[in-house]
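Just so we're clear, the structure is a prediction, and the values are computed from it rather than from any experiment.
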Amino acid sequence: MHRVGSAGNTASSTRPRKEKRFTYVLNYVDDTKHCAGINCLALWKSTSDRGDYLFTGSRDGTLKRWALDESTATCSATFESHVDWVNDAVLAGDNTLVSCSSDTTLKTWNGLSEGACTGTLRHHSDYVTCLATAENNSNVVASGGLGGEVFIWDLEAALAPASKSSDQMDDDCSNGISASGSSLPVSGLRSISSSNSISTHPSQSPSYVPTAAKGHKESVYALAMNGSGTLLVSGGTEKVVRVWDPRSGSKTMKLKGHTDNIRALLLDSSGRFCLSGSSDSMIRLWDLGQQRCIHSYAVHTDSVWALASTPTFSHVYSGGRDMSLYLTDLATRESLLLCTEEHPVLQLALHDDSIWIATTDSSVHRWPIEGRNPQKVFQRGGSFLAGNLSFSRARVSLEGSTPTPVYKEPKFTIRGNPGIVQHEILNNRRHVLTKDSVGSVKLWEITRGIVVEDYGKVSFEEKKEELFEMVSIPPWFTIDTRLGSLSVHLDTPQCFSAEMYSVDLNISGKPEDDKVNLGRETLKGLLAHWLTKRRQKRGPEASANGDMLPGRDVAARSLSHSRIEVDGNAENDSSVYPPFEFSTVSPPSIITEGSQGGPWRKRITDLDGTEDEKDFPWWCLDCVLNNRLPPRENTNFYLQPCEGATVQILTQGKLSAPRILRIHKVVNYVIEKMVLEKPLDNVNNEGVFPPGGHLPHSSAGDISFRSGLKPWQKLRPSIEILCNNQVLSPDMSLATVRAYVWKKPEDLVLNYRVVQGK
């Protein structure tokens with residue numbers, strides 16, 4: 001403890017700039033499964049005995065490739081690089097997979113690799129929601145997103161700045177990240193440098209600029225392109241279908257008819273006919289030659305979000321918010337309910353005589369539908385004639401005459417992990433209680449990234465109350481479950497605000513009262529693999545020089561963050577303590593951003609040591625490599641005798657101590673002041689101080705009662721510390737007292753008294 005000076009804060013009032021965030025995502029043990037809704041499907045049909053593949057893109061931020069046979073699907077690759085939801089994916093050519101995300105990027109992948117990203121396309125300013133490609137022109141991909149942005153990409157031209165062969169690029173981009181350090185607002189597809197660094201300097205070649213289709217004033221949710229890539233249609237919140245020439249980005253027509261957002265579009269291979277699905281629950285068939293709607297189909301009772309047609313464009317499969325899959329004959333208007341899902345339908349993919357259905361759930365179902373001859377299904381009966389007004393289906397539903405589905409069970413299911421839908425950070429700030437989509441309650445230890453208890457289907461609120469501890473530790477991290485799993489966010493300086501004593505963490509071989517910074521030790525655990533690889537690559541020279549960041553960079557950063565402290569307890573301590581050892585079976589993924597390029601995502605075990613200060617937030621490496629930490633806040637308090645007590649006041653000023661300081665340390669401080677500074681002539685036989693004894697105050701720090709005392713010093717009094725007239729447990733910390741006993745914004749006031757007869 002030390003006395004607080006009376007001077008005001010002399011630090012500069014200039015507001016510091018926002019530092020880059022460091023996030024880690026806790027992955028499930030079975031990471032071959034998605035853990036959030038499936039937004040998109042793409043089917044790769046084999047022309048050999050290799051077998052077909054299904055690509056799935058999820059709200060968990062990853063894509064997966066599934067090797068298919070008649071009755072099973074095996075995950076053969078995970079594509080991890082996006083840092084937010086994957087919203088759509090298309091196949092362009094023989095093996096190129098293109099995906100788009102809410103992280104505002106498109107990414108290209110070698111679809112037949114083990115997950116190799118071949119580049120990142122950056123031009124959108126907001127979420128990228130949809131993609132379209134031309135069946136007979138694999139070089140063209142269109143992207144649409146929020147804010148009315150539609151771009152047409154020439155993949156060959158976008159890749160032109162890369163001087164490497166595609167095989168070399170695959171190797172260099174295995175980390176899944178491509179970024180430009182250019183300050184220009186426009187950047188194209190860039191390859192990873194030969195050092196395999198996540199960031200790369202911009203190429204000397206001019207940046208590739210995609211063709212912009214300008215005309216949308218609001219968000220775009222659906223795109224479709226004809227087979228040759230000469231026609232593009234788009235739709236969104238403006239409720240109109242816009243038609244473009246993708247070669248120039250010029251508008252050719254606008255089709256009105258829907259009364260709500262357009263969510264799905266299809267074009268036949270010739271580009272004459274267009275199908276649209278809308279939140280007004282209607283499906284419309286447009287003749288682009290006549291520039292008008294020639295049929296409307298009232299099939300669904302809620303928003304239509306997904307469409308898939310037979311190759312001849314004679315029948316359409318549709319799904320949406322009403323969780324139903326319908327088949328409609330576009331010529332006769334005959335419709336049939338094929339099946340119902342348990343969640344809203346997001347996308348469809350036809351596969352021979354079956355159809356894959358993606359929903360807001362993490363599982364994907366394959367249903368039998370007689371896809372090669374859809375007319376056979378109608379022979380089973382149960383069909384109805386689709387109306388041409390949306391309220392007609394709604395009225396039928398209300399009257400209780402909902403059709404019976406043809407199929408009751410899917411052919412088989414690709415199971416996902418249940419996503420986390422509720423969470424609570426416990427008071428110890430190391431455990432998080434979660435509840436998933438099937439009601440299972442689990443306890444996670446975020447400093448190790450594992451589930452420590454699976455309670456099954458119990459009451460979340462009751463379990464939360466059961467696990468309550470009356471401790472107060474600063475909130476050093478934040479949590480969200482947007483990706484279906486726990487994403488732990490670390491921001492400086494808050495992430496370094498929490499400390500615990502080593503004895504409370506059961507760390508052996510360390511003095512019991514050593515303070516352990518939770519943020520620093522967590523970062524050490526997350527980057528342990530990277531540090532090992534880094535030392536191996538740097539060789540003996542690195543061992544001699546240490547792991548310091550470049551001096552120029554550190555000096556520059558320190559100027560803008562003047563209150564930086566070196567953690568003396570952590571000096572030369574690179575070992576990872578057991579409470580901070582992360583699982584290598586299901587290692588977490590890092591999402592962060594360096595000084596150049598955009599955000600990136602990578603598993604901690606995939607870090608290869610080539611990543612440097614340009615790839616990580618500077619403060620993160622300054623902590624791990626140089627033991628530099630921002631100063632931690634102390635608790636200010638007054639220490640006064642209890643009202644009516646006859647003991648003298650020990651100190652007139654305000655005291656300050658670490659928030660984790662235990663009350664027994666305050667007791668020792670009082671004893672130090674009362675007993676050890678000078679002998680008392682009138683101590684009674686029981687070693688209790690009489691009234692009226694005046695003792696001078698000192699500036700003693702965190703102390704324990706010393707051994708080797710003089711005879712008069714061995715008469716140790718019994719002291720109690722109180723707050724708000726409540727006797728405090730010696731094991732309580734100052735932070736806990738302030739949070740649960742004091743409960744006021746003002747500086748804490750502690751009282752002490754001598755207990756007679758103890």
Less than 4.5 Å apart, any side-chain heavy atom of [X] and any of [Y]?
X	Y	answer
R632	K515	no
C620	L527	yes
F582	P588	yes
F616	V624	no
Y24	S589	no
I369	L350	yes
T56	R65	no
E341	I357	yes

Is there a donor-acceptor contact under 3.5 Å from the side chain of [X] to the main chain of [Y]?
X	Y	result
T532	A528	yes
Y326	G319	no
T359	D361	yes
N39	V86	yes
S58	G37	yes
R429	I473	yes
T481	G484	no
K64	A77	no
S303	W305	no
S278	N261	yes

Nearest non-hydrogen partners of [X] and [Y], listed with the distance:
X	Y	result
L505	L518	CD1-CD2, 4.3 Å
T129	V220	OG1-O, 2.5 Å
I590	L607	CD1-CD1, 3.8 Å
V316	L266	CG2-CD1, 4.5 Å
I262	Y221	O-CB, 3.7 Å
H300	D322	ND1-OD2, 2.9 Å

- Task: Would you sort out whether L106 and L131 count as a side chain to side chain contact (heavy atoms under 4.5 Å, CB included), showing the intermediate values?
- Result: CA-CA 9 Å; L106 283 74; L131 298 172; 3.6 Å; yes
Pairing donors with acceptors under 3.5 angstrom, does anything connect the side chains of [X] and [Y]?
X	Y	value
N417	H34	no
S101	N87	no
S440	K442	yes
N427	Y740	yes
W109	S99	yes

- Item | Steps toward side chain to side chain contact (heavy atoms under 4.5 Å, CB included) verdict (C723, L728) | CA-CA 7 Å; C723 180; L728 303 178; 4.0 Å; yes
- Task: For T592 and W600, run side-chain hydrogen bond (donor to acceptor under 3.5 Å, both in side chains): C-alpha distance rounded to whole Å, both residues' side-chain angles, the deciding distance at 0.1 Å, then the answer.
- Result: CA-CA 6 Å; T592 192; W600 54 273; 5.6 Å; no
Test: [X] and [Y] ion pair at under 4.0 Å:
X	Y	result
D103	R601	no
D491	K20	no
R21	E593	no
E424	K435	no
D514	K510	yes
R659	E499	no
E581	R448	no

- Message: side-chain hydrogen bond (donor to acceptor under 3.5 Å, both in side chains), that's the test. Do H489 and T23 meet it? Break it down for me.
- Response: CA-CA 4 Å; H489 306 296; T23 295; 2.8 Å; yes
- Task: Would you check, one step at a time, whether the test salt bridge (Lys or Arg N to Asp or Glu O under 4.0 Å) holds for E80 with R603?
- Result: CA-CA 9 Å; E80 184 174 10; R603 299 226 167 185; 3.2 Å; yes
- Item | For K457, salt bridge (charged side-chain N to carboxylate O under 4.0 Å, His left out) partners two or more places apart | none
Supply the atom-to-atom distance [X] [atom1] to [Y] [atom2], rounded to the nearest 0.5 angstrom.
X	Y	atom1	atom2	result
Y501	I507	OH	CD1	14.0 Å
H365	L325	NE2	CG	13.0 Å
F384	L336	CZ	CG	8.0 Å

- Message: For F79, does the six-membered ring have the charged nitrogen or CZ of K107 within the cation-pi criterion, i.e. under 6.0 angstrom from the centroid and within 45° of the normal?
- Response: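 Geometry flag: not set, cation outside 6.0 Å or 45°.
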- Message: Check whether F412 forms a cation-pi arrangement with R366 (NZ or CZ under 6.0 Å from the six-membered ring centre, at most 45° off the ring normal).
- Response: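 So R366 doesn't make the cation-pi contact.
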- Query: For the residue pair W85 and Y127, is the inter-centroid distance of their aromatic rings smaller than 6.0 Å?
  - Reply: no
- For the ring pair Y407 and W367, is the centre-to-centre distance below 6.0 Å?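 Ring-ring flag for Y407/W367: false, centres at least 6.0 Å apart.
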- Message: Test of understanding: with side-chain hydrogen bond (donor to acceptor under 3.5 Å, both in side chains), list the residues that count as partners of E461, not counting sequence neighbours.
- Response: K464
- Item | Other residues, nucleotides, ligands: >12 heavy atoms within 6.0 Å of R321 CZ |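 Incorrect, the count does not exceed 12.
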- Message: If you apply the rule side-chain hydrogen bond (donor to acceptor under 3.5 Å, both in side chains), what do you find for W530 with E611, and how did you get there?
- Response: CA-CA 8 Å; W530 173 76; E611 303 85 5; 3.2 Å; yes
- Query: Should H82 and T62 be marked as a side-chain hydrogen bond (donor to acceptor under 3.5 Å, both in side chains) after you check the CA-CA gap, both sets of side-chain angles, and the distance that decides it?
  - Reply: CA-CA 7 Å; H82 284 297; T62 70; over 6 Å; no
Extract all donor-acceptor atom pairs below 3.5 Å that involve side chains of residues 729-738 and protein atoms in other chains or at least two apart in sequence.
from, atom 1, to, atom 2, distance (Å)
S729, OG, D731, N, 3.3
S733, OG, T736, N, 3.1
S733, OG, T736, OG1, 2.8
T736, OG1, S472, N, 3.0
R738, NH1, E746, O, 3.1
R738, NH2, K744, O, 3.4
R738, NH2, P745, O, 2.8
R738, NH2, E746, O, 2.9

